[in-house]
Amino acid sequence: MSGNIHPSAVIEDGAVIGDGVEIGPFCHVGSHVKLADGVTLKSHVVVAGDTQIGPETIIFPFSSIGEIPQDLKFAGEQTKLIIGARNRIREHVTMNTGTSGGGGVTRVGDDGLFMAGCHVAHDAVIGDRVVIVNQTAIAGHCLIEDDVIIGGLCGIHQFVRIGTGAIIGALSMVTNDVIPHGLVQGPRGELDGLNLVGLKRKGVARADITALRVAFQTLKQGEGSFAERAARLVQDSDSDYVADLVRFVTGTTDRHFLTPK
């Protein structure tokens with residue numbers, strides 16, 4: 001092992017520390033923790049529980065990673081937190097391990113940005129390139145797919161799914177599922193359109209953007225239930241983006257959907 005570990009840091013026996021890991025002053029690393037190559041713990045970071053942190057992830061001061069869930073049903077069972085590569089986890093972030101009732105694992109993908117004070121609860125699944133802004137709370141059992149941006153001071157209700165590329169405006173409380181590339185805003189989050197800016201920045205072809213806009217209007221004004229309207233979309237479009245939207249809407253969920261107004 002090569003790296004730089006400050007003498008004031010506490011590394012419990014059994015912890016696995018990769019090459020090039022930097023652990024700053026007054027950090028505490030538990031006995032079941034695995035830090036991959038190039039991980040940086042700035043200072044005053046606690047990494048506990050059965051927690052794996054992927055290569056080149058940086059964790060800033062006063063974050064608490066891998067502590068037990070904030071769930072009264074948790075009875076001390078052995079559960080996990082798995083964090084991917086190249087994440088930036090800023091000050092005072094909290095991420096908890098899973099629960100036996102939720103599958104036992106909380107998962108965070110690669111290349112995410114978790115800004116100061118945000119929370120990822122037990123059994124949540126966070127995709128790649130997700131941005132969660134300051135003081136936002138992701139409740140237990142949520143699914144946040146790739147390329148989602150969630151603004152500051154938001155609350156995401158337990159079991160909610162947020163589809164690929166969606167954006168949630170600041171100060172929103174999201175209580176139901178959000179379609180891929182949806183735009184949600186308002187104190188009680190409402191589906192207010194598509195994340196067109198995000199689609200354009202990603203370089204999505206104009207034909208696919210047009211197909212998504214047509215699909216959105218069909219979901220908004222078509223006949224039948226929301227799920228029935230979504231199922232018909234695959235008959236009307238050959239866009240992969242529309243197909244992904246249909247996959248999401250027709251998938252398994254424990255919540256209703258935010259529907260277009």
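Quick note: numbers below take in every heavy atom, side chains included, and nothing from hydrogens, waters or symmetry partners. From a predicted model like this one, the values you see are computed outputs, not experimental measurements.
- In terms of hydrophobic clustering, with Ile, Leu, Val, Met, Phe, Trp and Tyr side chains grouped at heavy-atom distances under 4.5 Å, Ile167 and Ile132 are assigned to different clusters.
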Step-by-step side-chain contact (heavy atoms from CB on, under 4.5 Å) determination, Ile179 to Val249: CA-CA 7 Å; Ile179 62 172; Val249 173; 4.0 Å; yes
side-chain contact (heavy atoms from CB on, under 4.5 Å) between Leu41 and Ile65, intermediate numbers included: CA-CA 11 Å; Leu41 310 182; Ile65 308 299; over 6 Å; no
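- Formation of a donor-acceptor pair under 3.5 Å by the Ser172 side chain with backbone atoms of Gly186 is found in this model.
- A donor-acceptor contact shorter than 3.5 Å is absent between the side chain of Asn134 and the backbone of Gly152.
- Put simply, the side chain of Asp147 never gets that close to the backbone of Thr164: no donor and acceptor are under 3.5 Å apart.
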Step-by-step side-chain contact (heavy atoms from CB on, under 4.5 Å) determination, Met115 to Thr136: CA-CA 9 Å; Met115 296 190 190; Thr136 282; over 6 Å; no
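- For Asp192, the side-chain contact (heavy atoms from CB on, under 4.5 Å) partners two or more places apart in sequence, or in a different chain, are Gln185.
- Distance alone, capped at 3.5 Å, is enough to place a donor-acceptor pair between the Arg161 side chain and the Phe248 backbone.
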Residues Val45, Ile89; criterion side-chain contact (heavy atoms from CB on, under 4.5 Å); working and verdict: CA-CA 11 Å; Val45 174; Ile89 300 172; over 6 Å; no
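- Of all the heavy atoms in Gly66 and Thr97, the pair that sits closest is O-CG2, 3.5 Å.
- Annotation: side chain of Arg213 is in contact with side chain of Leu196 (closest heavy-atom distance under 4.5 Å).
- Summarising the geometry of Ala139 relative to Ala121, their closest heavy-atom pair is C-CB, 3.5 Å, with the distance given to 0.1 Å.
- For Arg247, the CZ atom counts as densely surrounded, since its 6.0 Å shell holds more than 12 non-hydrogen atoms of other residues, nucleotides or ligands.
- Applying the side-chain contact (heavy atoms from CB on, under 4.5 Å) rule to His141 yields the partners Thr99, His122, Asp123, Phe159; only residues at least two apart in sequence or on another chain are considered.
- Around atom CZ of Arg255, more than 12 heavy atoms belonging to other residues, nucleotides or ligands sit under 6.0 Å away.
- Between Asp13 and Ser31, every side-chain heavy-atom pair lies at or beyond the 4.5 Å cut-off.
- Side-chain N or O atoms of Asp128 include one that pairs as donor or acceptor with a backbone N or O of Asp110 at under 3.5 Å.
- Within the 4.5 Å cutoff, no side-chain heavy atoms of Leu245 are placed close to those of Phe216.
- A donor-acceptor contact shorter than 3.5 Å links the side chain of Thr57 to the backbone of Gly84.
- Arg229 contributes a side-chain N or O that, together with a main-chain N or O of Gly224, makes up a donor-acceptor pair within less than 3.5 Å.
- Pairs of residues two or more places apart, or lying in two chains, that qualify as ring pair (Phe, Tyr, Trp, His ring centres under 6.0 Å) and include a residue from residues 5-32 are Phe26-His44.
- In the hydrophobic clustering of this structure, Ile149 does not group with Leu153; members are Ile, Leu, Val, Met, Phe, Trp, Tyr whose side-chain heavy atoms approach within less than 4.5 Å, directly or through other members.
- For Ala36, the side-chain contact (heavy atoms from CB on, under 4.5 Å) partners are Pro55, not counting sequence neighbours.
- Remark: the backbone N or O of Gly109 is paired with a side-chain donor or acceptor of Asn87 at under 3.5 angstrom.
- No donor-acceptor pair closer than 3.5 Å links the side chain of Glu145 to the backbone N or O of Gly163.
- Within a 6.0 Å sphere centred on CD of Glu223, other residues, nucleotides and ligands contribute 12 heavy atoms or fewer.
- The stretch residues 226-245 participates, sequence neighbours left out, in these ring pair (Phe, Tyr, Trp, His ring centres under 6.0 Å) pairs: His181-Tyr241, Phe226-Phe257.
- When side chains are defined from C-beta on, Leu171 does not count as touching Pro187, because their heavy atoms never get closer than 4.5 Å.
- When the options Lys42, His92, Arg90 are evaluated for a side-chain contact (heavy atoms from CB on, under 4.5 Å) with Pro61, the one that passes is Lys42.
- Counting heavy atoms from C-beta on, the side chains of Ile150 and Val174 never come closer than 4.5 Å.
- By the side-chain contact (heavy atoms from CB on, under 4.5 Å) test, Glu190 is found to be paired with Lys261, residues two or more places apart in sequence or in another chain being considered.
- Contact check for Asn96 versus His119: side-chain heavy atoms found under the 4.5 Å cut-off.
- Although no hydrogens or angles enter the test, the distance criterion places no donor-acceptor pair under 3.5 Å between the side chain of Ser237 and the main chain of Leu233.
- Tracing side-chain contacts under 4.5 Å through hydrophobic residues (I, L, V, M, F, W, Y), one never reaches Met95 starting from Leu113; they form parts of separate clusters.
- Under the 4.5 Å side-chain criterion, counting only non-hydrogen atoms from C-beta, Leu191 is in contact with Val184.
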